[in-house]
Amino acid sequence: MLNELLHKNPFEHDDTVEKILSRLVVELQEMLSEDSIVTTMIFDDVTQTLNPGPGYDGFPIIYVEKAKNLPLGVGGCGIAANEKRIVICEDMHTDAVWEPFLELTDLSGVRAVWSIPIYYREKIYGTFAIYHRYPYTPTEMDIRLSILMSKHAVTAFTFLRKQEFENMYQLISEHAKDIITLASPDGTVQYINPAVTDILGYSQEDVIGADFSQFIPVDDLDTVRSFNEDLNKAPSSLSKEFRVLSKDGRVVWLETVAKPVFDDSGNLTQIISTTRDISERRESEEALVNSEKLTAVGQLAAGVAHEIRNPLTSLKGFLQLINIQNGVNPQYYEIMASELERIELISNEMLVLAKPQAKFLESVDMVKILKNVVFLLDTQALFLNIEVKLEIVESLMHVCVESEMKQVFINLLKNAFEAMPRGGKVTIRLRETADSVCVEFEDQGVGISPEKIQELGKPFFTTKEKGTGLGLLVTNKIIKNHHGSLVYESELNKGTVARITLEKQNARAAEMKLAANVVE
């Protein structure tokens with residue numbers, strides 16, 4: 001009988017805790033003596049109490065009511081569950097544990113009981129209680145059968161809990177708005193939830209079994225492959241933004257958070273990822289960047305108008321001289337051409353800032369960008385009695401989006417100007433190391449407290465009286481997109497240093513990609 005029970009599967013489809021215990025109560029009742037009454041108590045995780053389960057059908061209602069919400073440590077079952085051990089009472093009339101319940105046990109016609117906890121790895125599920133109508137000492141076979149039933153109950157509950165979790169995960173996965181993916185280390189999709197249809201238009205059958213890189217635009221393939229390589233070394237989850245081609249040909253921006261799964265030997269076995277559509281967010285960020293460009297142009301307008309007015313005055317004067325004089329001095333043409341070039345340079349710089357530009361990574365001279373920015377703000381510096389000093393090399397090439405990098409430099413230089421209402425000096429330093437390019441803007445302004453430095457770059461936080469709190473937010477976003485960082489060092493009433501560090505590794509990869517496109 002024991003051997004048969006040992007190999008029996010206690011779990012059946014669509015089981016509940018009550019069904020499992022009811023079945024086990026019947027089986028244990030058949031194996032024990034006719035005088036035995038098998039009952040169960042079920043542990044409630046919420047109230048941390050025990051409640052009567054299957055087996056109490058023949059007990060008086062008053063006894064069942066008394067047994068409800070039984071605290072751990074009270075009564076035989078409460079002690080068994082609390083201490084996770086078998087509790088044997090051979091005669092309730094002589095056992096102090098049962099003294100508070102004697103009136104009820106006599107009413108129920110029971111005299112002896114032993115309680116067996118149902119638990120696994122410190123988690124308590126409930127108890128079995130086997131009552132006898134007369135004083136009784138359980139045999140070794142009684143105890144073995146009871147323990148075996150307890151183990152069967154644990155096995156069944158474990159299966160039940162696992163099935164509940166699987167059903168819950170499936171429900172979450174199928175109704176989640178984000179794409180949930182399970183992939184092999186080589187990128188083959190093993191599972192993807194229905195959200196892929198809502199976001200990208202593909203069916204699950206279109207994607208499962210396919211290499212997901214086939215849905216990635218060519219320009220983003222290197223980013224995705226590099227991300228997958230990083231996952232092989234990552235101890236925890238990583239995130240990345242990239243583009244994907246939808247089934248109808250649209251380009252959709254996605255943000256994925258992927259977590260690698262390793263086996264006991266440290267080998268990558270699977271990649272679990274959650275991905276969401278961030279196209280609207282990217283559009284909002286782009287609109288914010290363009291808005292900040294227009295703000296910068298508006299603030300520069302007065303100074304630029306003055307810059308253009310000077311060469312225009314010279315041109316008008318020389319045209320009048322040419323008109324009055326019979327002979328034309330060739331030197332006039334040289335001066336006029338120089339002034340026209342100056343107007344053209346100023347106009348071009350304004351257009352780069354104001355007009356939406358196609359974003360192309362290209363190798364540009366950082367020195368030239370800095371000089372053009374200083375040129376644009378030169379009139380404002382003179383008006384504020386500020387000297388701008390450049391400590392730079394003759395030329396330093398770096399791969400970036402020129403218009404965005406120019407916007408960053410303008411924002412930081414304007415911030416330096418506004419920190420010095422009484423004038424002073426701004427020093428701009430440009431240097432490079434084997435791994436990075438560093439640009440510093442050092443002012444002699446009022447400085448920033450350590451508390452406020454922590455807040456810089458957060459939306460709508462500003463230290464200016466009429467600031468929007470969005471300039472540094474945009475600046476940080478641009479620098480992050482260029483694989484760089486922006487940090488501040490400041491001391492109140494002494495000045496601030498804003499330091500940009502741009503990684504060369506990513507720039508070199510982009511430069512090689514540009515070169516390859518040229519060769520093609």
Side-chain angles (χ1 to χ4, degrees), residues 161-263 267-289 359 457-460 473-474 476-478 480-481 483 506:
R161 183 64 62 90
K162 181 180 178 183
Q163 187 182 60
E164 289 174 351
F165 279 132
E166 287 176 353
N167 292 338
M168 180 179 64
Y169 292 147
Q170 185 176 0
L171 187 67
I172 293 172
S173 175
E174 290 180 353
H175 292 84
K177 292 184 178 180
D178 294 342
I179 298 173
I180 300 172
T181 311
L182 183 65
S184 61
D186 64 0
T188 302
V189 179
Q190 299 172 332
Y191 168 80
I192 195 164
N193 68 331
V196 68
T197 305
D198 298 331
I199 295 176
L200 298 175
Y202 299 107
S203 67
Q204 290 173 280
E205 291 73 20
D206 291 335
V207 181
I208 293 176
D211 183 348
F212 197 75
S213 63
Q214 72 184 60
F215 306 107
I216 307 295
V218 175
D219 291 344
D220 285 26
L221 272 176
D222 289 344
T223 299
V224 174
R225 286 170 181 161
S226 174
F227 180 59
N228 288 336
E229 290 173 4
D230 292 340
L231 278 173
N232 279 278
K233 310 167 189 174
S236 58
S237 58
L238 295 176
S239 64
K240 180 65 71 173
E241 295 179 6
F242 57 92
R243 294 174 297 174
V244 172
L245 294 173
S246 66
K247 194 165 187 176
D248 59 8
R250 293 179 297 111
V251 175
V252 180
W253 272 100
L254 300 179
E255 179 184 46
T256 188
V257 178
K259 181 174 180 60
V261 179
F262 300 95
D263 60 19
N267 300 314
L268 181 65
T269 58
Q270 289 178 316
I271 298 171
I272 302 172
S273 60
T274 304
T275 306
R276 64 178 48 187
D277 183 353
I278 58 166
S279 300
E280 290 187 6
R281 192 184 83 192
R282 295 284 300 203
E283 290 174 3
S284 299
E285 289 173 353
E286 188 69 27
L288 179 59
V289 170
K359 293 185 179 181
K458 292 184 178 180
F460 307 111
L473 177 69
V474 173
N476 283 336
K477 180 66 177 175
I478 292 173
K480 182 180 178 182
N481 289 343
H483 305 284
N506 294 286

Enquirer: Ignoring hydrogens and angles, state whether a donor on the side chain of S203 or D206 is under 3.5 Å from an acceptor on the partner side chain.
Expert: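 The criterion, which ignores hydrogens and geometry beyond distance, is satisfied for D206 and S203.
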Enquirer: Out of the candidates T223, V257, T275, only one should pair with K240 under the side chain to side chain contact (heavy atoms under 4.5 Å, CB included) rule; please name it.
Expert: T223
Enquirer: Does CZ belonging to R243 count more than 12 external heavy atoms closer than 6.0 Å?
Expert: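 Result for CZ/R243: enclosed.
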Enquirer: Give a yes or no on whether the backbone of A258 and the side-chain of S237 come within a donor-acceptor separation of less than 3.5 Å.
Expert: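 Answer holds: no.
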Enquirer: Taking the side chain as C-beta and beyond, is there a heavy-atom pair between Y202 and V207 under 4.5 Å?
Expert: yes
Enquirer: So does W253 get a backbone contact from the side chain of S279, meaning a donor-acceptor N/O pair under 3.5 Å?
Expert: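 Here the side-chain-to-backbone pair exists.
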Enquirer: Examine F242 together with F227 and report whether their ring centres are nearer than 6.0 Å.
Expert: no
Enquirer: Are any non-hydrogen side-chain atoms of L200 and V244 less than 4.5 angstrom apart?
Expert: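 When only atoms from C-beta onward are counted, V244 and L200 do touch, with a gap below 4.5 Å.
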Enquirer: Does any part of the side chain of L221, heavy atoms only, come nearer than 4.5 Å to the side chain of D219, both counted from C-beta?
Expert: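 No; the side chains remain at least 4.5 Å from each other.
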Enquirer: Of all heavy-atom pairs between P260 and L268, which one has the smallest distance, and what is that distance?
Expert: CB-CD1, 3.4 Å
Enquirer: What heavy-atom pair brings T256 and S273 nearest, and what distance separates the two atoms?
Expert: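 That would be OG1-CB, 3.6 Å.
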Enquirer: Return yes when atom NZ of K480 has more than 12 non-hydrogen atoms of other residues, nucleotides or ligands closer than 6.0 Å, and no otherwise.
Expert: no
